[in-house]
Amino acid sequence: MHPAPRGPGDGHEPLEGELLSARGDTPHVADWGGRLRKPLRTFWLVSLGVTGWLVWLTLKGGPTGLMDLLLALLLAAPLAIITLVYVAFGRLLGLMRRASGRLDQHLGAGMDSRDPRMAAVNLRYTLEELRGDAGGLAWLRFMLTPGFFAAVGLSVLATIIMIPVALFTLLLAAF
């Protein structure tokens, strides 16, 4: 005797290889996105504080020459790249939230429908909406290049190096 087949909507867990088992089972983008965004926000705030302190130290007496200005720009470059990553991650998270909601809405409506043509129309409509959103955020495409990953890595390394320097100069300024 074979067990009864399990399918979408009958209350069982998804079978191996299934993406969606029933309406409402889309991935919870807000949950994992929030968990990833907290450390990124903390690192961005640390980078902002460290960069602000070091740039202020560099320019506090007024820039005395071109080297002071170049040093201030060099110190601010890692923060600019980390800010770009922070903003882009927020936009990507928003896109994924909208896509998750639309998939849930349209695929759920397709699963509720007995007409396979209606399910196909819902799926096609969902894919066209998602393609339109992805086209609107085409500027994120350059962030997947190796050069940008190298810039992010160097920015993170520079920020990590700037933290003890900022703490040391803060101690010197305090005493």
Side-chain angles (χ1 to χ4, degrees), residues 14 16-20 25-107 123 126-175:
E16 184 177 338
E18 279 185 336
L19 295 177
L20 302 172
D25 283 352
T26 54
H28 298 283
V29 176
D31 293 343
W32 65 265
R35 281 181 275 174
L36 287 176
R37 194 169 181 153
K38 276 186 178 180
L40 183 60
R41 183 182 316 134
T42 302
F43 188 73
W44 180 78
L45 287 172
V46 167
S47 179
L48 179 66
V50 166
T51 302
W53 171 251
L54 291 177
V55 168
W56 182 79
L57 279 179
T58 303
L59 300 175
K60 76 176 177 179
T64 57
L66 182 63
M67 292 306 286
D68 287 342
L69 293 175
L70 288 176
L71 179 61
L73 287 174
L74 183 66
L75 289 171
L79 177 65
I81 293 172
I82 291 170
T83 302
L84 181 64
V85 169
Y86 182 69
V87 169
F89 184 74
R91 286 185 173 242
L92 185 62
L93 187 61
L95 171 68
M96 291 177 73
R97 276 193 195 121
R98 286 193 306 274
S100 176
R102 287 179 183 155
L103 279 173
D104 185 32
Q105 176 186 5
H106 293 301
L107 290 180
L123 180 60
T126 300
L127 293 177
E128 286 175 8
E129 280 183 334
L130 296 178
R131 189 177 320 128
D133 279 348
L137 297 175
W139 63 275
L140 288 174
R141 191 176 297 175
F142 86 97
M143 294 183 71
L144 298 175
T145 61
F148 186 77
F149 280 122
V152 169
L154 288 173
S155 297
V156 168
L157 182 66
T159 301
I160 290 172
I161 291 171
M162 286 174 14
I163 290 171
V165 171
L167 290 175
F168 180 72
T169 57
L170 188 61
L171 285 174
L172 283 177
F175 295 112

S.K.: With sequence neighbours left out, write down each residue that passes side-chain contact (heavy atoms from CB on, under 4.5 Å) with L70, or none if nothing qualifies.
M.R.: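 Expected list: L66, M67.
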S.K.: Rounded to the nearest 0.5 Å, how far apart are CG of L45 and CG of L40?
M.R.: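 Rounded to the nearest 0.5 Å, the CG-CG separation comes out at 10.0 Å.
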S.K.: Would you give the length of the straight line joining atom CG of L69 to atom CG of L73, rounded to the nearest 0.5 angstrom?
M.R.: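 Rounded to the nearest 0.5 Å, the CG-CG separation comes to 7.0 Å.
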S.K.: Under the rule for side-chain contact (heavy atoms from CB on, under 4.5 Å), what residues qualify as partners of V156, not counting sequence neighbours?
M.R.: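 Here the qualifying residues are F43, V152, I160.
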S.K.: For T159, which of V50, I82, L154, T51 qualifies under side chain to side chain contact (heavy atoms under 4.5 Å, CB included)?
M.R.: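 Running side chain to side chain contact (heavy atoms under 4.5 Å, CB included) over V50, I82, L154, T51 with T159 returns exactly one hit, I82.
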S.K.: Do any side-chain atoms of residues 165-175 form donor-acceptor pairs under 3.5 angstrom with protein atoms, and if so which ones, sequence neighbours left out?
M.R.:
| from | atom 1 | to | atom 2 | distance (Å) |
| --- | --- | --- | --- | --- |
| T169 | OG1 | W53 | NE1 | 2.8 |
| T169 | OG1 | V165 | O | 3.1 |
| T169 | OG1 | A166 | O | 2.9 |

S.K.: Could you give all pairs that pass the ring-ring contact (aromatic ring centres under 6.0 Å, His included) test and reach residues 61-86, with sequence neighbours left out?
M.R.: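 Every pair satisfying ring-ring contact (aromatic ring centres under 6.0 Å, His included) with a residue in residues 61-86: W44-Y86.
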S.K.: Give me the atom names and distance for the closest heavy-atom approach of P78 to A158.
M.R.: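 Residues P78 and A158, closest heavy atoms: CG-CB, 3.8 Å.
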S.K.: Tell me every residue that passes side-chain contact (heavy atoms from CB on, under 4.5 Å) with A151, counting only those two or more places apart in sequence or in another chain.
M.R.: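 Result, side-chain contact (heavy atoms from CB on, under 4.5 Å) vs A151: I81.
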S.K.: Among all residues two or more places apart in sequence or in another chain, which pass the side-chain contact (heavy atoms from CB on, under 4.5 Å) test with L71?
M.R.: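 So L71 forms a side-chain contact (heavy atoms from CB on, under 4.5 Å) with T58, L75.
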